[in-house]
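In what follows, a single structure is set out as structure tokens and then discussed.
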Number of protein chains: 2
Amino acid sequence: MKLTSKGRYAVMALVDMARFDNINPVSLRDISLRQGISLDYLEQIFSKLRKKEIVQSVRGTQGGYVLNKKAREIKLTNIFDAVDEKVKTVQCKKESKKGCNGKATKCLTHNLWDELENHINNFFDQKSLEDLVKDNSERRI
Amino acid sequence: MKLTSKGRYAVMALVDMARFDNINPVSLRDISLRQGISLDYLEQIFSKLRKKEIVQSVRGTQGGYVLNKKAREIKLTNIFDAVDEKVKTVQCKKESKKGCNGKATKCLTHNLWDELENHINNFFDQKSLEDLVKDNSERRI
DNA sequence: TAGATACTTGACTATTTTAGTCAGGTTTAT
DNA sequence: ATAAACCTGACTAAAATAGTCAAGTATCTA
């Protein structure tokens, strides 16, 4: 089990943005340089974040992106959801007719993965962007 | 983020085994048929489980595998560890000298992934094979 | 109004991981 | 002896990942 870079980059970029006043737009170019993430890749990611209304875009010179909500209101769940970072632990869900393993019943571990998903989602539901920014400023070197 | 089939199969197979008396060895062929998992793939998985002393093998006719400990003592952590199902949320750990993103400091989300890993591992540390067997017998249809 | 900055979109691709398969063993109960 | 079952290593098709590349459009500023 692992998190992909897309989700990680999305969070990194948003934390980077959230550190500022949120009045002046932050350009992807700056984020790219500061965080060492490919500009082209960031554009893909921000396109998704914009569609889910987590950020707003400002075009033109001096443009960039601005958070669309308070940092406290943006939970990790929202971010991961936006960039398709799913916590899918198992394929049990898809086939509604049959159970997992193609048999009539649920597979022996079905409930386990359900529980795990809840456990992880609880974590993500609670963490906000604000929490992460604070966490960083506290341990600033 | 997702769990791979290898970890899922390992747990399924062990729960399957744990339902029996643990005196007569259970053959992979039987597990394969009951759980719908490829026999060849099961063999790869059990090779790892054996190396980590989670199961013991009994060769020859009527052979198979037996749990090496009480079901209560086998935690999911042990299983995932055996089959290399890592909960690695991020590559921050590798380069000990430098931080993540190749810079001197830790990346903005480093602590987050640490916390998440702990959160997930807590879950796995607590769940034992016995818990899963009980869970299944309770909801048997 | 020219030019630069920055967003926007879609197609493409190399690499890695996953989820197996396959072929050939060895061991042991009957 | 022989069949059941473990054991091992090499191989591979398909999917996912982590990007790159190209060709735009919008808007600010000089």
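Quick note on labels: first sequence line is chain A, next is B, and so on, each numbered from 1.
- Other residues, nucleotides and ligands contribute more than 12 heavy atoms inside 6.0 Å of the CD atom of A/E115.
- Relative ring orientation between A/Y41 and A/Y9 is described as perpendicular, the plane-to-plane angle rising above 60° on a 0-90° scale split at 30° and 60°.
- Using cut-offs of 30° and 60° for the angle between ring planes, the A/F124 and A/F80 rings count as perpendicular.
- Regarding B/Q56, its CD atom lies at a distance of 14 Å from the P atom of D/dC6, rounded to whole Å.
- Between the NZ atom of B/K6 and the C1' atom of C/dT21 there is a distance of 14 Å, given to the nearest Å.
- Contact annotation: the side chain of A/R29 never approaches that of A/R34 to less than 4.5 Å [non-hydrogen atoms, C-beta and beyond].
- Residue-to-nucleotide proximity on DNA chain D shows that, of A/G60 and A/D40, the 5′-proximal contact is made by A/D40.
- Going from atom NZ of B/K51 over to atom P of D/dC7 covers 10 Å, rounded to whole Å.
- Atoms CD (B/E43) and P (D/dC7) sit 9 Å apart, rounded to a whole Å.
- In this model, the phosphate group of C/dA6 is not approached by any side-chain N or O of A/S57 to a distance below 4.0 Å at OP1 or OP2.
- Here the side chain of A/S128 pairs a donor or acceptor atom with the backbone of A/E130 at under 3.5 angstrom.
- Distances were taken from every side-chain heavy atom of A/Q62 (C-beta onward) to each of D/dT29, C/dC7, C/dT30; the shortest belongs to D/dT29.
- In terms of polar N and O atoms assigned as donor or acceptor, the side chain of B/Q44 comes within less than 3.5 Å of the base of C/dT21 in a complementary pairing.
- The distance from atom CD1 of B/I45 to atom P of D/dT8 is 15 Å, rounded to the nearest whole Å.
- When the side-chain nitrogen and oxygen atoms of B/S38 are compared with OP1 and OP2 of C/dT21, one or more of them lie within a distance under 4.0 Å.
- Atom CD1 of B/I37 is separated from atom C1' of C/dA19 by 12 Å (rounded to the nearest Å).
- Between the CG atom in A/D16 and the CD1 atom in A/I31 there is a gap of 5.0 Å [rounded to 0.5 Å].
- In the interface, the side chain of A/R59 is not paired with the base of C/dT5 through any donor and acceptor atom under 3.5 Å apart.
- Other residues, nucleotides and ligands contribute more than 12 heavy atoms inside 6.0 Å of the CD atom of A/E73.
- As rounded to whole Å, 18 Å separates atom P of D/dA18 from atom CG of A/L39.
- Within the 4.0 angstrom heavy-atom criterion, no nucleotide atom of any strand lies near A/F46.
- The side chain of B/R50 contributes an N or O atom lying less than 4.0 Å from OP1 or OP2 of D/dC7.
- One finds a side-chain N or O of A/S5 lying less than 4.0 angstrom from the OP1 or OP2 phosphate oxygen of D/dA18.
- Atoms CG (B/L49) and P (D/dT8) sit 13 Å apart, rounded to a whole Å.
- At a non-hydrogen distance threshold of 4.0 Å, A/G63, A/G64, A/Y65 from residues 63-70 of chain A come into contact with DNA chain C.
- Distance check: A/D30 CG to A/M17 CE gives 11.0 Å after rounding to the nearest 0.5 Å.
- Across C/dT9, D/dT27, C/dA19, the shortest atom-to-atom separation from the side chain of B/Y41 is found for C/dA19.
- Residue side chain A/R29 does not reach the base of C/dT5 through any donor-acceptor N/O pair under 3.5 Å, judged by distance alone.
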